[in-house]
Every structure is written in C-alpha cells, then in structure tokens.
Amino acid sequence: MDIENKNYLIAGASSAIGTALLKSLTEKGAKVYAIARRRVEEWPAGIEFLEADLSKPVEGLAAFLPEKLHGFVYCAGSIQLKPFTRFTDDDFLHDYQLNTLGATRVSRAALPALKAAGSSSVVYISSVAAKTGMPYHTSIAAAKGGLEGFALALAAELASLHIRVNVVAPSLTETPLAATLLNTAEKKEASAKRHPLGRYGQPRDISEAIEFLLSDKSDWITGQVLSVDGGMGHLKTF
C-alpha cells in the first residue's frame, strides 16, 4: 500500500489493535506518532511517543505533532459490562470522556496537520454494540454511538478538504481489554459460536481494515461505518 514516507498518528497506540497497526505501518516505511499511557516494549524503533491519559485533555499535543499528517486513528476504548441499574453517572461519563470526547479533542488538535497534507484519512474505532442491542452494554453503546454520530458529521464537514473520515466497528476481539470475556476454553467456544463466521476477532483483523481506510485504495470512501465483526451485527445464521 501507499504508506511509505507518510506520517500517521495513533491515539491509544498501546492497545492490541493500536500496536498491530503501528507495527504494520512502520514495516511499510511510515513514520508513526503514538499517544498512549505507556510505551510498549514490542514497538519498533523510531516511534515518536507522547505519554497521556486520553480521557483527559492532552498536554503538549500540538507541539508533538508533525507539520503534516496523512492519517489519524483513534484506538482508545473501554469495556464496562454490567446491568444498566448498576451503572452510575460516573461510569457513563468515564466511557464518554475516553471513547467520544477524547476523540474530539485529539481530532481538533490534529486537524491543521491533516489539512496540510492535502489529502488525509481519519479512522475511529467504534463497536458492534453501537447499533446491535446487546445486554449489559448500555454505557459503551451510548459512548460509541456518540462517536459514530460525530464521525459522520465530521466526514461531511471535511469532505471538501479531501479529509476522509470513517469508522471501524469490531465485535469481540482477543485483546487484553477483553481478557475476562475469553479467559476460559468454554467462554472462547461460546464466543466463537455467537459469530456467524465461527470465530471471534484478532487484532490483525481490525488493524488491516484500518490500514485499508488509511491508504489511497480507499480514497473514494468517506462517512462509512465498516463492520468488522464476523457477521455479528447484521446476520443471523440460526
């Protein structure tokens, strides 16, 4: 793909999906700017790193960014699953701050560099739960639903500037964030069976979809929510 010698910002880069994407972009010759709470040992050399908690305003972000950004990906996310009656206002606010408001903050800071590139791509990570009613997902569904609405409105606003804005909406993916959902053989088998394609996701499934949306191969695609979910969000096979 047309990745070499381009600049990419990954916010939430220490996540399993963020790390998979970062490594792939770097292998293809890109320069990657990573924002995360911690640097990951397996990251390749040459990564520009800014330590930050994305649920709060990020200090020093403008100075950290390069003059031109060809792509920006917001990978930060959370999973709080419990009955609605056990969610507090603070639970909802935390998920909104990290998943939705965090994305708007970094997008605002990145916009001048995205404009300067002449043509660029923004990708946000949502969840199958935003559009598929699932029990115990009320907080994350509300936050990711807000993120999708923001992304579509932003796509319309930035289209004339040749900045594409899209969303990837995964289903359950084997990451540390989802460890408690896949920590036994029985849970893994049950989770696989719930997906029409017979398995849950891997970080590479999601990172490769993001990489496609970052590349010029998707240069006529904007304002879309791409479901990378093994068929979970749209199919019934039973």
Side-chain angles (χ1 to χ4, degrees), residues 9-24 34-43 49-56 58 73-83 86-88 90-103 105-106 123-132 134-148 151 167-192 194-195 199-211 225-230 232-233:
L9 171 64
I10 303 177
S14 62
S15 67
I17 294 168
T19 293
L21 177 63
L22 179 152
K23 291 168 69 176
S24 180
I35 304 173
R37 294 188 183 191
R38 60 183 177 85
R39 182 184 288 271
V40 176
E41 286 186 8
E42 63 187 274
W43 286 356
F49 173 61
L50 179 64
E51 182 179 348
D53 177 353
L54 289 164
S55 67
K56 302 173 183 177
V58 179
V73 182
Y74 193 82
C75 292
S78 57
I79 299 179
Q80 291 194 83
L81 304 181
K82 54 188 175 183
R86 289 175 51 196
F87 277 110
T88 65
D90 285 343
D91 289 330
F92 274 90
L93 285 171
H94 174 269
D95 281 343
Y96 183 78
Q97 286 278 358
L98 178 61
N99 293 277
T100 313
L101 194 54
R105 290 191 188 109
V106 182
V123 182
Y124 301 106
I125 297 184
S126 181
S127 167
V128 65
K131 291 183 178 177
T132 303
M134 304 172 74
Y136 313 126
H137 284 69
T138 51
S139 182
I140 193 61
K144 293 298 193 184
L147 177 63
E148 290 189 10
V167 178
V168 169
S171 184
L172 179 63
T173 304
E174 190 170 23
T175 67
L177 197 63
T180 58
L181 304 175
L182 296 169
N183 59 4
T184 68
E186 291 77 12
K187 288 182 180 180
K188 288 182 176 181
E189 182 180 1
S191 294
R194 280 196 291 271
H195 293 81
R199 68 174 178 88
Y200 45 84
Q202 296 296 323
R204 191 171 181 85
D205 294 320
I206 316 306
S207 67
E208 289 186 345
I210 295 170
E211 193 170 317
V225 179
L226 176 61
S227 298
V228 186
D229 60 8
M232 169 73 85

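Just so it is clear, the model here is predicted, and its values are computed rather than measured.
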Any side-chain donor paired with an acceptor under 3.5 Å for Arg204 and Ser207? no
Ser171 vs His195, test: side-chain hydrogen bond (donor to acceptor under 3.5 Å, both in side chains). Steps then yes/no. CA-CA 9 Å; Ser171 184; His195 293 81; 2.7 Å; yes
Residues in salt bridge (Lys or Arg N to Asp or Glu O under 4.0 Å) contact with Glu189, at least two apart in sequence or another chain: Lys193
Hey, what do you get for OG1 (Thr138) to CG (Leu81), rounding to the nearest 0.5 Å? 9.0 Å
Nearest 0.5 Å, please: how far is CZ in Arg199 from CG in Leu172? 11.5 Å
Salt bridge check: are Asp229 and Lys131 linked by an N-O gap of less than 4.0 Å? no
With Lys188 as the cation and Tyr200 as the aromatic partner, state whether NZ or CZ is under 6.0 Å from the six-membered ring centre and within 45° of the axis. no
Main-chain N/O of Val40 paired with Ser14 side-chain donor or acceptor, under 3.5 Å: no
Would you name the heavy atoms of Glu51 and Arg37 that are closest together and state the gap between them? CG-O, 3.4 Å
The salt bridge (Lys or Arg N to Asp or Glu O under 4.0 Å) partners of Glu42 (sequence neighbours excluded) come to Lys23
Worked verdict on Leu181 versus Lys187 for side chain to side chain contact (heavy atoms under 4.5 Å, CB included): CA-CA 7 Å; Leu181 304 175; Lys187 288 182 180 180; 5.8 Å; no
Can you establish whether the number of heavy atoms outside Lys56 located under 6.0 Å from its atom NZ is more than 12? no
Looking only at heavy atoms, which two atoms of Ala34 and Ala13 are closest? And how far apart? CB-CB, 3.6 Å
When every non-hydrogen atom of His94 is compared with those of Gln80, the smallest separation belongs to ND1-NE2, 4.1 Å
About how many Å separate CD1 of Ile79 and CG of Asn99, when rounded to the nearest 0.5 Å? 9.5 Å
Can you tell me if Phe49 has over 12 outside heavy atoms packed within less than 6.0 Å of its CZ? yes
Got more than 12 heavy atoms from elsewhere within 6.0 Å of CZ, Arg39? yes
Taking every heavy atom of Gly12 against every heavy atom of Leu54, the minimum-distance pair comes out as N-CD1, 3.4 Å
Pro170 to Ile206 - nearest heavy-atom pair and separation: CB-CD1, 3.5 Å
What's the spacing between Thr184 OG1 and Glu186 CD if we round to 0.5 Å? 4.5 Å
Using 0.5 Å steps for rounding, measure from the OG atom of Ser191 to the CG atom of Leu182. 5.0 Å
Among side-chain atoms of Ser139 and Asp91, is any donor-acceptor pair under 3.5 angstrom? no
Tell me yes or no: between the side chains of Asp53 and Ser55, is some donor less than 3.5 Å from an acceptor? yes
Shortest non-hydrogen contact between Lys144 and Ser127, atoms and distance: CG-CB, 4.0 Å
Where do Trp43 and Thr19 land on the side chain to side chain contact (heavy atoms under 4.5 Å, CB included) test, with the steps shown first? CA-CA 7 Å; Trp43 286 356; Thr19 293; 3.2 Å; yes
Val168/Ile17 under side chain to side chain contact (heavy atoms under 4.5 Å, CB included): CA gap, chis, key distance, verdict: CA-CA 12 Å; Val168 169; Ile17 294 168; over 6 Å; no
When you look at Arg105 and Gln97, which way does the side chain to side chain contact (heavy atoms under 4.5 Å, CB included) test go after all the steps? CA-CA 10 Å; Arg105 290 191 188 109; Gln97 286 278 358; 2.9 Å; yes
Between the CD1 atom in Ile35 and the CG atom in Leu50, the distance rounded to the nearest 0.5 Å is 5.5 Å
